[in-house]
Participant: 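Mind looking over this structure? Questions follow.
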Amino acid sequence: MMILINILFLLLSYLIMLVGILVGVAFLVLLERKFLGYVQDRKGPNKVFFLGIFQPFSDAIKLFIKENIKLMKVNLFFYLVSPMFGFIMVMVLILGLPLDINIYSMNLFLLYLMSCLSIGVYIILMSSWSSNSNYSMLGGIRSLSQSLSYEVSMFLIFFIMFNYVESFQLIEFMKFQKSLSFWFVNLIIFLILFISMIAELNRMPFDFIEGESELVSGFNVEYMSVSFTFIFLAEYMMILLMMEYFVMMFFGYSMYFIKNIFYVLFFSLMIILIRGVLPRLRYDNLMYFCWYYILSISMKILLFMLIFKIYLFKMF
């Protein structure tokens, strides 16, 4: 009986956490629209209830009740399943958050995070191929090359951070940063990882996955109604989750600290601000920037760290 009560408590706590993230996504979208409105000297959503505060819920209702047109010559199974896979992948990532109430908080979390991020490429490829559209297929191919390029540098940075604490647990990052935060010691790594995460999240100025001017919204051009809602939710849930992991890695605050919420909100606002003030890069510049600059800097830092650790090991 006690085991059953514990299992129910864990399921309830996970459900509360999931609902909280979904509500956070709804108001993050509202915040982005209002913030971009002020950046572009216009008003954002302000009609639905007080100051447009119920706008996300009206948008959700509109998306769910829109007509879902049955397309010809699509691979129906993969077309319908791939948006749900993207949403499920983000929910699975939530399981790894280092909480006391989380039964799935694991020792090899960084490896688990890298595995889940790698699966995201297959979801985009599957959804673009199954749509049977030239625009969506071109968007999927561009997304593959962009995501794979920036994942290489991002995983190298994860390995650099692992060499500091010699553990794949996020809790160890918090223990090591009680006196000094990692962002202060590794400002270059801090900036490179933030840029790589923006590229991984397909946000401006790296949103070639949804280049409106040349791809007509890219891989998701044939999606509508509920399917598009799953893609949209997964994208914005990933912003909150990646910023949460980013803050834990470089600032060492857990989910229970008010400072953690402040930093997650601050970096989410930075992503929104970058979308409002920077233009989209040219695609070849995006690839050159990754392979010639970000990857080379991260490899040099990793090599320097390994040499330094070997030298210290020989001394002591």
Participant: Counting C-beta onward and ignoring hydrogens, is there a side-chain heavy-atom pair between F250 and M161 closer than 4.5 Å?
Facilitator: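 Contact flag for F250/M161 side chains = yes.
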Participant: Working to the nearest 0.5 angstrom, can you tell me the gap between L156 CG and K300 NZ?
Facilitator: 13.5 Å
Participant: Under 3.5 Å, is there a donor-acceptor pair linking the side chains of Y236 and E32?
Facilitator: yes
Participant: To the nearest 0.5 Å, what is the distance between CG on N134 and OG on S128?
Facilitator: 11.5 Å
Participant: Hey, does L201 have a side-chain heavy atom less than 4.5 Å from the side chain of E235?
Facilitator: no
Participant: Are K66 and F228 packed together at the side-chain level, in the sense that at least one heavy-atom pair is separated by less than 4.5 angstrom?
Facilitator: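 When only atoms from C-beta onward are counted, F228 and K66 do not touch, as no gap falls below 4.5 Å.
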Participant: Please say yes or no: joined through hydrophobic side-chain contacts below 4.5 Å, possibly via intermediate residues, are V39 and M270 part of one cluster?
Facilitator: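 In one cluster: yes.
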Participant: Less than 4.5 Å apart, side chain to side chain, heavy atoms only: is that true for M243 and M197?
Facilitator: yes
Participant: For the backbone of E222 and the side chain of Y79, can you confirm whether one donor and one acceptor N or O come within less than 3.5 Å of each other?
Facilitator: yes
Participant: Do M126 and F77 belong to the same hydrophobic cluster, where Ile, Leu, Val, Met, Phe, Trp and Tyr are linked whenever their side-chain heavy atoms lie under 4.5 Å apart, directly or via other members?
Facilitator: yes
Participant: Assess the pair F246 and F251: is the distance between their ring centroids shorter than 6.0 Å?
Facilitator: no
Participant: Determine, using the 4.5 Å side-chain heavy-atom cutoff (strictly less than), whether F304 and I160 are members of one ILVMFWY cluster.
Facilitator: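 No, no single cluster joins them.
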Participant: Taking all heavy atoms of N132 and all of K73, pick out the closest pair and write down the distance.
Facilitator: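 Smallest heavy-atom distance, with atoms named: ND2-O, 2.9 Å.
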Participant: Please report the closest heavy-atom contact between V74 and S131, naming both atoms and the distance.
Facilitator: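 So the two residues come closest at CG1-O, 3.5 Å.
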Participant: Given the side-chain rings of Y293 and Y288, with only the six-membered ring counted for Trp, is the space between their centroids under 6.0 Å?
Facilitator: no
Participant: Taking atom CG of N186 and atom CE of M249, what is their separation to the nearest 0.5 Å?
Facilitator: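 One finds 12.5 Å between CG of N186 and CE of M249.
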Participant: Could you check whether any side-chain heavy atom of I21 comes within less than 4.5 Å of a side-chain heavy atom of E244, counting everything from C-beta outward?
Facilitator: no
Participant: Run the side-chain contact (heavy atoms from CB on, under 4.5 Å) test on M238 and L117 for me, step by step, so that the C-alpha distance in whole Å, both residues' side-chain angles and the decisive distance to 0.1 Å come before the verdict.
Facilitator: CA-CA 10 Å; M238 278 297 291; L117 291 177; 3.5 Å; yes
Participant: Has T229 got a side-chain atom pairing as donor or acceptor with S225's backbone, closer than 3.5 angstrom?
Facilitator: yes
Participant: May I ask whether F266 and V264 are part of the same hydrophobic cluster, defined by side-chain heavy atoms of I, L, V, M, F, W, Y residues being less than 4.5 angstrom apart, directly or through others?
Facilitator: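 Linked, F266 and V264 end up in one cluster.
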Participant: The test is side-chain contact (heavy atoms from CB on, under 4.5 Å); show your working for S153 and L295 and say whether it passes.
Facilitator: CA-CA 5 Å; S153 59; L295 186 61; 4.3 Å; yes
Participant: Can you check side-chain contact (heavy atoms from CB on, under 4.5 Å) on M154 and I157, steps first, answer last?
Facilitator: CA-CA 5 Å; M154 189 166 67; I157 294 168; 5.5 Å; no
Participant: Run the ring-centre check on F158 versus F162 and record whether the distance is less than 6.0 Å.
Facilitator: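 Centroid distance F158-F162: not below 6.0 Å, so no.
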Participant: What closest approach, in Å, do G24 and L240 show between heavy atoms, and which atom pair accounts for it?
Facilitator: C-CD1, 3.9 Å
Participant: Which is it for L187 and F190 under the side-chain contact (heavy atoms from CB on, under 4.5 Å) test, yes or no, and what are the steps along the way?
Facilitator: CA-CA 5 Å; L187 189 59; F190 174 79; 4.1 Å; yes
Participant: Could you tell me the separation between the NZ atom of K34 and the CD1 atom of I53, rounded to the nearest 0.5 Å?
Facilitator: 9.5 Å
Participant: Does any part of the side chain of L265, heavy atoms only, come nearer than 4.5 Å to the side chain of L31, both counted from C-beta?
Facilitator: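 Yes. Closest side-chain heavy atoms under 4.5 Å.
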Participant: With a cut-off of 6.0 Å (strictly less than), are more than 12 heavy atoms of other residues, nucleotides or ligands near OH of Y122?
Facilitator: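 Not more than 12 within 6.0 Å, no.
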Participant: Flag the pair L193 / M242 as yes when at least one side-chain heavy-atom distance between them is below 4.5 Å, and no otherwise.
Facilitator: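 When only atoms from C-beta onward are counted, M242 and L193 do not touch, as no gap falls below 4.5 Å.
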Participant: Restricting to non-hydrogen atoms, name the atom on I231 and the atom on P83 that form the minimum distance, rounded to 0.1 Å.
Facilitator: CG1-CB, 3.9 Å
Participant: Counting C-beta onward and ignoring hydrogens, is there a side-chain heavy-atom pair between L28 and I272 closer than 4.5 Å?
Facilitator: yes
Participant: So if you build clusters from Ile, Leu, Val, Met, Phe, Trp, Tyr with side-chain heavy-atom gaps below 4.5 Å, do F64 and F87 land together?
Facilitator: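 In one cluster with F64: F87, yes.
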Participant: What do you reckon, is CD1 of I188 surrounded by more than 12 foreign heavy atoms closer than 6.0 Å?
Facilitator: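 No - once you tally the heavy atoms of other residues, nucleotides and ligands closer than 6.0 Å, there are 12 at most.
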Participant: Which pair of non-hydrogen atoms, one from M237 and one from V90, has the smallest distance, and what is that distance?
Facilitator: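 Looking at all heavy atoms of both residues, the closest pair is CB-CG1, 3.5 Å.
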Participant: Can you tell me how the ring of F194 sits relative to the ring of F267, calling it parallel under 30°, perpendicular over 60° and tilted otherwise?
Facilitator: tilted
Participant: Is it true that a side-chain atom of Q146 and a backbone atom of A199 form a donor plus acceptor pair closer than 3.5 Å?
Facilitator: yes
Participant: To the nearest 0.5 Å, tell me how far F230 CZ sits from L80 CG.
Facilitator: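 CG of L80 is found 11.0 Å from CZ of F230.
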Participant: From K47 NZ over to Q55 CD, what is the distance, rounded to the nearest 0.5 angstrom?
Facilitator: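 The NZ atom of K47 sits 11.0 Å away from the CD atom of Q55.
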Participant: Minimum heavy-atom separation for M287 to S149, with atom names?
Facilitator: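 That closest heavy-atom pairing would be CE-OG, 2.9 Å.
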